[in-house]
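Predicted, not measured: the structure shown is a model, and the values here were computed from it. Nothing fancy with the numbering, it's 1 onward along the sequence. Atoms within each ligand, like the ligands themselves, are counted from 1 in listed order.
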Amino acid sequence: MSLNKLKFGSTIGIIGGGQLGKMMAQSAQKMGYKVIVLDPDKACPCQNVAHEFINANYDDQEALNKLGSLSDVITYEFENISASQLETLVSHYNIPQGYQAIQLLQDRLTEKQILQKSNCNIAPFVQLTNIEDLKDAISSIGYPFIVKTRFGGYDGKGQVLIEHSSDLNEAKKLIETEECVAEQYLKLNKEVSLTVTIGTNNQITYFPLQENEHRQQVLFKTVVPARTDDKIEQAARKEVQKLIANVHFVGTFTVEFFIDESGALYVNEIAPRPHNSGHYSIEACDYSQFDTHILAITGQQLPKEIELLKPAIMMNLLGKDLDLLENQFSEKPEWHIHIYGKQTRKANRKMGHLTVLTEDINQTEQSLLKAFEGREN
Ligand code: ADP
Ligand code: MG
């Protein structure tokens with residue numbers, strides 16, 4: 001599909017004003033676009049970088065219409081906006097990403113179903129509508145399995161690991177409040193992710209494969225290029241190609257993968273927006289995941305290939321990491337520090353990240369791990 005080509009100086013409307021919106025806005029402004037952001041939090045990270053700011057809830061129809069009427073194109077930085085409202089907006093305004101990806105991927109059940117339909121490799125799962133369905137999970141998946149709410153989960157929120165029958169009460173509590181899915185808990189060897197941008201005329205551009213370490217289910221560190229066999233990168237691209245045959249994507253998205261102990265690759269989940277594991281691309285690549293996103297939604301040509309200028313390590317800076325490390329920042333020019341500008345610091349809240357470019361990944365990794373050592377997990 002050929003997308004509307006926007007003139008420089010046009011206005012981009014972003015639903016959501018968190019760090020992803022901020023970094024999108026910064027790329028857009030570099031290219032001469034104006035940015036209007038809608039967010040319920042007056043003190044959100046975008047507040048100081050947007051040309052105009054609409055302070056409203058994500059489901060405030062009047063505010064969404066205002067955003068639409070002031071913008072030449074609309075995008076979003078997070079996937080938990082209402083798919084039906086987005087569908088209505090799509091019929092009135094220029095929203096090249098559409099609503100289908102959001103609709104399918106904000107629900108873990110329909111996400112798994114579309115992955116299955118696309119013949120992607122995923123961990124066995126069972127739908128949990130009520131606590132009776134746990135019997136199915138036990139008989140068809142077996143212990144250990146992980147129960148995840150269908151909607152709204154992120155950074156491990158809305159998930160419980162069920163290792164033995166004695167953990168079932170935790171699962172029951174979750175299912176009684178919300179519909180869930182159960183999925184086999186895999187023995188992981190590694191986690192990787194692939195960030196991809198789809199542009200006008202279905203142009204597709206891949207970022208290099210990213211190796212991710214999570215702690216307490218929150219991304220801790222990303223290493224690029226991933227330390228895996230080349231075949232894994234090719235296999236990951238194949239999974240993405242299968243998926244995009246069935247889902248309408250425009251702009252930047254990321255597919256998260258598991259590699260189990262036998263070396264098998266599984267799709268974990270898809271984020272239909274720029275992703276934390278792609279942040280290294282700001283310094284380490286010739287185009288960042290935000291640059292390519294803006295190029296895509298404004299109908300520009302995408303670069304055919306993304307060049308990794310230097311291997312890189314990205315570490316998230318949670319509140320507790322800032323407490324530990326911020327007095328060292330001034331002595332570490334090799335740490336490219338990003339601070340998102342959130343007003344309230346919390347121990348486990350993502351407050352920023354840092355990226356280090358290096359020719360010696362292993363040595364840099366050791367020294368970063370040492371710096372982060374005092375952090376409780
Ligand atoms: P979120 O939306 O919170 O990112 P994920 O499903 O990606 O949810 O889970 C967060 C992390 O929890 C994963 O990156 C992985 O480390 C761990 N995890 C989740 N599901 C499984 C699983 N089925 N097997 C092993 N580890 C898992
Ligand atoms: Mg995840």
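- Per-residue contacts place Glu256 under 4.0 angstrom from the following atoms of ligand 1 (heavy atoms of the residue considered): 7 (O).
- Atoms of ligand 1 lying under 4.0 Å from any heavy atom of Asp155, numbered from 1 in the order shown and given with element: 1 (P), 3 (O).
- In this structure, Gly156 counts as a contact residue of ligand 1, since one of its heavy atoms falls inside 4.0 Å of the ligand.
- Nearest N, O or S atom of Glu269 to the Mg ion (ligand 2): atom OE2.
- Residues His353 and Tyr280 bring no donor and acceptor atom of their side chains to less than 3.5 Å of each other.
- Applying the side chain to side chain contact (heavy atoms under 4.5 Å, CB included) test to Pro272 and every residue at least two apart in sequence or in another chain returns Tyr76, Glu79, Ala101, Ile102, Leu105, Phe249.
- Within ligand 1, the atoms closer than 4.0 Å to a non-hydrogen atom of Leu188 are 25 (C), 26 (N), numbered from 1 in the order shown.
- The atom of Glu256 nearest to the Mg ion (ligand 2) is OE1, with the search restricted to N, O or S atoms.
- Exactly one residue among Glu191, Glu256, Lys221 makes a side chain to side chain donor-acceptor pair (under 3.5 Å) with His214. That residue is Glu191.
- In this structure, of Gln159, His214, Lys148, the residue bringing a heavy atom nearest to atom 20 (N) of ligand 1 is Lys148.
- With no hydrogens or angles considered, a side-chain donor-acceptor pair links His275 and Ser277 at under 3.5 Å.
- Looking only at heavy atoms of the protein, atom 21 (C) of ligand 1 is closest to Phe258 CZ, 3.4 Å.
- In this model, a donor atom of one side chain and an acceptor atom of the other lie less than 3.5 Å apart for Gln210 and Ser193.
- The closest protein non-hydrogen atom to atom 24 (N) of ligand 1 is Leu186 N, 3.0 Å.
- For ligand 1, the polar-atom distance check finds no N/O of Ile146 at less than 3.5 Å from any of the ligand's N/O atoms.
- With hydrogens left out, the protein atom closest to atom 26 (N) of ligand 1 is Tyr185 CE1, 3.4 Å, a heavy atom.
- In terms of protein heavy-atom proximity, atom 12 (O) of ligand 1 is closest to Gln217 CG, 3.3 Å.
- Here the shortest heavy-atom distance to atom 1 (P) of ligand 1, taken over Glu213, Gln184, Arg215, Glu269, belongs to Glu269.
- No heavy atom of Phe145 sits closer than 4.0 Å to any atom of ligand 1.
- In this structure, CZ on Arg237 lies 6.5 Å from CG on Leu194, to the nearest 0.5 angstrom.
- Taking every non-hydrogen atom of Glu183 and a distance limit under 4.0 Å, the qualifying atoms of ligand 1 come out as 20 (N), 21 (C), 22 (C), 23 (N).
- In terms of protein heavy-atom proximity, atom 14 (O) of ligand 1 is nearest to Glu191 OE1, 2.6 Å.
- Here's the thing with Lys157: none of its N/O atoms is less than 3.5 angstrom from an N/O atom of ligand 1.
- Contacts of Tyr154 with ligand 1, taken as heavy-atom pairs under 4.0 Å, involve the backbone alone.
- The closest approach between Arg108 and ligand 1 falls below 4.0 Å for a heavy atom of the residue.
- Other residues, nucleotides and ligands contribute only 12 or fewer heavy atoms inside 6.0 Å of the CD atom of Glu62.
- Counting heavy atoms of neighbouring residues, nucleotides and ligands inside a 6.0 Å radius, atom NZ of Lys157 exceeds 12 of them.
- Residues satisfying the side chain to side chain contact (heavy atoms under 4.5 Å, CB included) test with Asn362, not counting sequence neighbours, are Arg227, Asp360, Glu365.
- Within a 6.0 Å sphere centred on CD of Glu305, heavy atoms belonging to other residues, nucleotides or ligands number 12 at most.
- In the displayed structure, Phe151 atom CZ is contacted under 6.0 Å by more than 12 heavy atoms of other residues, nucleotides or ligands.
- Here the two rings, on Tyr33 and Phe8, have centers that are under 6.0 Å apart.
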